[in-house]
Amino acid sequence: MTILTQSTTWKALAAHSQQIPHMRELFAGDPARFSNMSLSTCGLFLDYSKNRATPETLNLLLTLAQEAKLDAKIKAMFAGDIINTTEKRAVLHTALRSTAGQSIIAEGQDIVPEVQQTLNKMQQFVTSVTSGQWKGYTGKAITDIVSIGIGGSFLGPKIVSQALRPYWITGLNCHFVANVDGTSISEKLKLLDPETTLFIMSSKSFGTQETLTNTLTAKAWFLAKGGSQSDVAKHFVAVTSNVAKATEFGIDAANIFPMWDWVGGRYSLWSAIGLPIALLIGMDNFRSLLKGAHQMDTHFATAPLAENMPVIMGLFSLWYGNFFNAQSHVVLTYDHYLRGLPAYFQQLDMESNGKSVTLNGTHVDYSTGPVIWGGEGTNGQHAYHQLLHQGTALIPADFIMPLQSHNPIGEHHDQLASNCFGQTQALMQGRTLDEALAELSKSNLSDEEKLLIAKHKVMPGNKPSNTLLMDKLTPETLGALIALYEHRTFVQGAIWDINSFDQWGVELGKTLGNDVLARIGADQEATALDASSNGLINLYRRGKI
Ligand SMILES: O=P(O)(O)OC[C@H]1O[C@](O)(CO)[C@@H](O)[C@@H]1O
């Protein structure tokens with residue numbers, strides 16, 4: 001048994017979870033529930049009133065957070081303590097959006113100056129490329145960027161660039177390659193001209209198979225299409241913390257942008273890993289993205305727990321996972337530009353909190369990170385929302401929507417908003433048997449048929465959701481929104497007493513993958529592994545079933 005589940009507060013929460021009235025009743029009993037249970041900060045508005053919660057719920061959850069020393073853990077992260085204990089690293093993505101005058105110490109050194117220097121190096125590079133001063137090997141300006149990276153070195157740049165499409169002011173095109181599947185890079189290369197294409201190789205470790213292989217393919221393509229070895233420096237740059245490996249690989253030292261051990265891959269879009277974003281939206285907009293995140297950092301570090309947006313969201317997610325057996329959490333973006341955000345939050349949360357031992361190695365006796373999934377509204381309403389409304393699983397939902405559209409055409413945005421709010425209402429209130437029968441009262445069905453159909457139309461309701469709104473999707477509000485989810489993930493990991501900043505689970509697959517690769521290329525058929533793995537490898541070697 002862990003200390004957490006033995007605590008009086010945990011037991012009180014378990015008992016309390018059985019006593020919460022249906023949300024319909026909670027709303028009926030408190031006309032001020034919306035204003036009492038909403039919060040506004042950093043350009044974001046959070047309505048958390050549609051949760052299974054009374055004031056007692058919040059008190060208990062906040063007590064749980066205090067007992068887990070959440071306050072002290074937040075301070076430790078911002079102070080650069082070694083909170084990633086298994087990798088012996090500080091966790092300082094917040095330093096990437098710090099302001100020039102701040103001083104943040106990691107491993108005995110103030111890291112703010114090098115963060116600022118890197119931003120300046122990015123600025124010079126962005127100016128040089130976007131002004132046309134940076135020339136390709138035939139003297140032409142760059143028109144296309146290809147970002148090669150995977151995981152945190154891919155999702156952040158890709159999804160933020162997609163989200164900030166209205167801010168693409170530089171005229172460049174950007175393409176992203178992550179998967180080692182040769183189709184991915186081949187389809188991109190077909191569209192490109194080597195004379196005007198610049199590759200950014202993004203890999204913190206400079207050791208990731210997919211990224212190395214894709215970069216080698218890109219380089220071979222460049223050389224085959226007319227570029228020479230001495231031209232490579234004009235077309236390949238890298239972002240990495242492993243400068244030695246990058247130079248050994250052939251990237252000019254002057255074209256390497258630094259990364260640091262104290263930035264986790266899934267928290268790295270704010271570093272030079274965000275270079276593709278900056279090349280599309282310009283450095284001023286990139287700095288606004290950082291500013292929005294910094295505002296959320298300040299809020300997270302200073303607001304009382306009861307008024308702290310990441311804390312409230314983290315606590316409610318834990319509430320459903322630990323006390324209502326919710327196994328997944330859905331993120332529903334009512335904005336086409338934000339369609340990629342669920343995938344981004346999926347990596348952020350699942351790679352961070354997909355853990356099952358506490359910091360001291362004890363096996364947890366409670367659920368940790370849920371499955372994060374989702375998509376854009378209204379599309380999902382015609383697909384998986386059915387299960388949200390009437391399925392047997394409890395799936396808490398976050399609805400995210402800007403009040404103003406970048407494309408205000410006719411009634412589109414009013415319809416979008418009405419669907420978003422209508423969904424949260426339907427999830428909360430559901431439909432009773434009497435209501436379903438009343439709806440059928442004028443039909444020609446027999447009473448027996450009416451009752452049967454009505455039973456199928458019953459929706460239990462009481463399904464929790466948060467609604468997050470912003471005036472408009474801007475670099476600043478997006479920065480705040482992403483930082484909000486980063487900190488929400490931290491809050492849960494801190495209470496569960498797990499390390500949210502390592503990812504040992506992905507290592508075994510990588511190691512075995514390399515072993516399988518050697519067996520695929522070996523002289524003889526595979527015999528040494530389990531029967532299934534041998535069988536699959538040998539089928540693959542034969543190339544047909
Ligand atoms: O930037 P790198 O070192 O190539 O790593 C890519 C990704 O691989 C992972 O280690 C997991 O596969 C992620 O955490 C990381 O973002």
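For ligands, and for the atoms within them, numbers begin at 1 and follow the listed sequence.
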Starting from atom 3 (O) of ligand 1, locate the nearest protein heavy atom and write down its residue, its atom name and how far away it is, to 0.1 Å.
Ser205 OG, 2.6 Å
Can you tell me if Lys510 has a non-hydrogen atom under 4.0 Å from ligand 1?
yes
Nearest neighbour of atom 5 (O) of ligand 1 from the list Asp502, Asn242, Ile273, Thr208, on a heavy-atom basis:
Thr208
Ligand 1 N/O within reach of Thr211 N/O, cut-off under 3.5 Å:
no
Considering heavy atoms of the protein only, find what lies nearest to atom 9 (C) of ligand 1 and give residue, atom and distance to 0.1 Å.
Glu351 OE2, 3.9 Å
Below 4.0 angstrom, N of the basic side chain to O of the carboxylate: do Glu187 and Lys190 qualify?
yes
With respect to Gly152, determine whether any N or O atom, backbone or side chain, lies less than 3.5 Å from an N or O atom of ligand 1.
yes
Between Ser131 and Ser128, what is the shortest heavy-atom contact and its length?
OG-O, 3.2 Å
Apply side chain to side chain donor-acceptor pair (under 3.5 Å) to Lys355 and list each qualifying residue two or more places apart in sequence or on a separate chain.
Asp502
Only one of Ile142, Ile200, Thr170 passes side-chain contact (heavy atoms from CB on, under 4.5 Å) with Leu279, and that residue is Ile200
Taking all heavy atoms of Leu332 and all of Ala397, pick out the closest pair and write down the distance.
CD1-CB, 4.1 Å
List ligand 1 atoms under 4.0 Å from Val506, heavy atoms only on the residue side.
11 (C), 12 (O)
For ligand 1, find out whether one of its N or O atoms is nearer than 3.5 Å to an N or O atom of Ser202.
no
Using a 4.0 Å cut-off to any heavy atom of Ser203, which atoms of ligand 1 qualify?
1 (O), 2 (P), 3 (O), 4 (O)
For Ala272, all residues meeting side-chain contact (heavy atoms from CB on, under 4.5 Å), sequence neighbours excluded
Thr118, Met122, Val239, Phe257
What orientation do His406 and Tyr337 show, parallel under 30°, tilted 30 to 60°, or perpendicular over 60°?
perpendicular
Shortest protein contact, atom 7 (C) of ligand 1 (heavy atom only):
Ile150 O, 3.6 Å
